[in-house]
2 protein chains.
Amino acid sequence: MGNRKIVSEAVIKRLPRYLRYLCELKNNDILRVSSKELSLRMGLTASQIRQDLSCFGEFGQQGYGYNVEFLFDSISTILGTDKGFNVIVIGAGNMGRAIANSESIQSRGFKVTGIFDIKEELIGSEINGIKVLDIKDVKEFIKTTNVDIVALTVPRERTKEVAENMFEYGVKGLWNFSAMELTLPKEIIVENVHLSDSIMVLGYKINNN
Amino acid sequence: MGNRKIVSEAVIKRLPRYLRYLCELKNNDILRVSSKELSLRMGLTASQIRQDLSCFGEFGQQGYGYNVEFLFDSISTILGTDKGFNVIVIGAGNMGRAIANSESIQSRGFKVTGIFDIKEELIGSEINGIKVLDIKDVKEFIKTTNVDIVALTVPRERTKEVAENMFEYGVKGLWNFSAMELTLPKEIIVENVHLSDSIMVLGYKINNN
DNA sequence: TAGATTGTTAATCGATTAACAATC
DNA sequence: TAGATTGTTAATCGATTAACAATC
């Protein structure tokens, strides 16, 4: 299911950013926006915005521009955030807790339905109202409840093993926070958040500014 | 100072990834690698690896390939991680603590030298051996010690104000974890980590796989 | 109606890939 | 020497930008 046309990675990555700006316009009670106006705010070209949106349909009107709320809702639908995703977090450390507590993630339709850890002292505690469960029970949890995404925040040395298990259990998406490459079959989507990569890019730019 | 040739964003973003793979080779006591071998491991073309590296100099040898350790060190130098960067964290919440505790960040030459928060109950506590200081003292801290990068993990509504202060205090780089766009003068480099953008891209890919 | 702005086609630009002489 | 592999130039591919007819 889903859109069959292949849309480039670059376009997909811009969608959440559009959503962010549209949300801001909405919060300021702005009803309409042209590609020109939006391009000025976002620092890209009006052409690119129109080209990007045209990958998914027609959302504007000649002479008028785009209805902010309609465009926001449309992009939400494209991203699937209107339907919602169930997320479990494996690893109840600082990063896991940050995810479980993130308002911006929840506000986009991602619901943390479970948190798992291996440490005795963490099991049974609560994070943002969600009980931390024993990692031993994660297989059963995935089999019996609907889990779309697994956020992986376990120590580096455990990442590979846990990731492979998740694939085996039929999880559709892995959100990997370990500074480690995961090579898994293409049936499971892996999205990496390599914090150290990000800060290294920042370091490079500082030195070469 | 630094390299005057303008290197494209795409190339820069691949550098930390090269470093990651080279580190792994090093750990497995592999002394040499050809662009072909590396390309197979990394899932890109040998051509691209050679093209990327050629932006910065000549690191290989015909008929031999690349000395793993030398290439690792060279890329470290390009990224400036050999010299080291001092980082302060503003916001001692889960994300701030995750940064202060991250081994992968520290192993790449980024040293957390201070953590700041506004909350009375956090001030004076220790995170990874670093004392949490009062946000009121951050200006003085920046003026008197060498701070290269500020990691911003404060709540959304405080982000803009703190970011502007950091610019004013002469900080060179901002590592922004808020789901908010920062528009600051180009003298200060901003690198964004928008976790919600990342999980939305994952959601899209799951739906359209 | 006149002005504004879309969606799309064509042109341009930049990034990736292929090819190959140089040489270890 | 023969084989391997670099760094670089040329060719290709894809993404961004410009232009414009359609139309609100």
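Note on naming: letters A, B, ... go to the chains in the order of the sequence lines (proteins, then strands), and numbering restarts at 1 for each one.
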Integer-rounded Å distance: C/dT6 P and A/Gln62 CD: 9 Å
Side chain to side chain contact (heavy atoms under 4.5 Å, CB included) partners for B/Ser54, two or more places apart: B/Gln51
A/Asn86 versus A/Asp148, side-chain donor and acceptor atoms under 3.5 Å: no
B/Lys186, NZ: over 12 other non-hydrogen atoms inside 6.0 angstrom: no
Separation of D/dT16 P from A/Glu9 CD (nearest whole Å): 12 Å
Whole angstrom value for the distance that separates P of D/dT17 from CE of A/Met42: 13 Å
Spacing between B/Phe56 atom CZ and D/dG7 atom P, to the nearest angstrom: 13 Å
Ranges pairing with ranges for DNA chain C, where each run has three or more Watson-Crick or G-U pairs under 3.5 Å: C:3-24 with D:3-24
Under-4.0 Å side-chain N/O to phosphate OP1/OP2 contact, B/Arg14 with C/dT16: yes
N/O to N/O distances under 3.5 Å, protein versus nucleotides 8-13 of chain C:
{"unit_1": "C/dT9", "atom_1": "O4", "unit_2": "A/Gln51", "atom_2": "NE2", "d": "3.2"}

A/Phe59 and A/Tyr66 aromatic centres sub-6.0 Å: no
Reference residue B/Arg97; test side chain to side chain contact (heavy atoms under 4.5 Å, CB included); the match among B/Thr153, B/Ile127, B/Asn128: B/Ile127
Any side-chain donor near an acceptor of the partner, A/Ser104 and A/Ser102, under 3.5 Å: yes
Whole-Å gap separating C1' (D/dG14) and CG (A/Asp52): 14 Å
Residues A/Lys13, A/Glu9: salt bridge by 4.0 Å N-O rule: yes
Integer-rounded Å distance: C/dT6 P and A/Leu53 CG: 9 Å
Whole-Å gap separating P (D/dG7) and NZ (B/Lys36): 17 Å
Phosphate OP1/OP2 of D/dT16 contacted by A/Thr45 side-chain N/O (<4.0 Å): no
Upstream residue (5' side of DNA chain D) when A/Ala10 and A/Tyr64 are each assigned their closest nucleotide: A/Ala10
Residue pair A/Ser178 / A/Arg156, side-chain donor-acceptor N/O under 3.5 Å: no
Rounded distance in Å - OH (A/Tyr66) to C1' (C/dT6): 6 Å
Close aromatic pair by centroid cut-off 6.0 Å: B/Tyr18 and B/Phe72: no
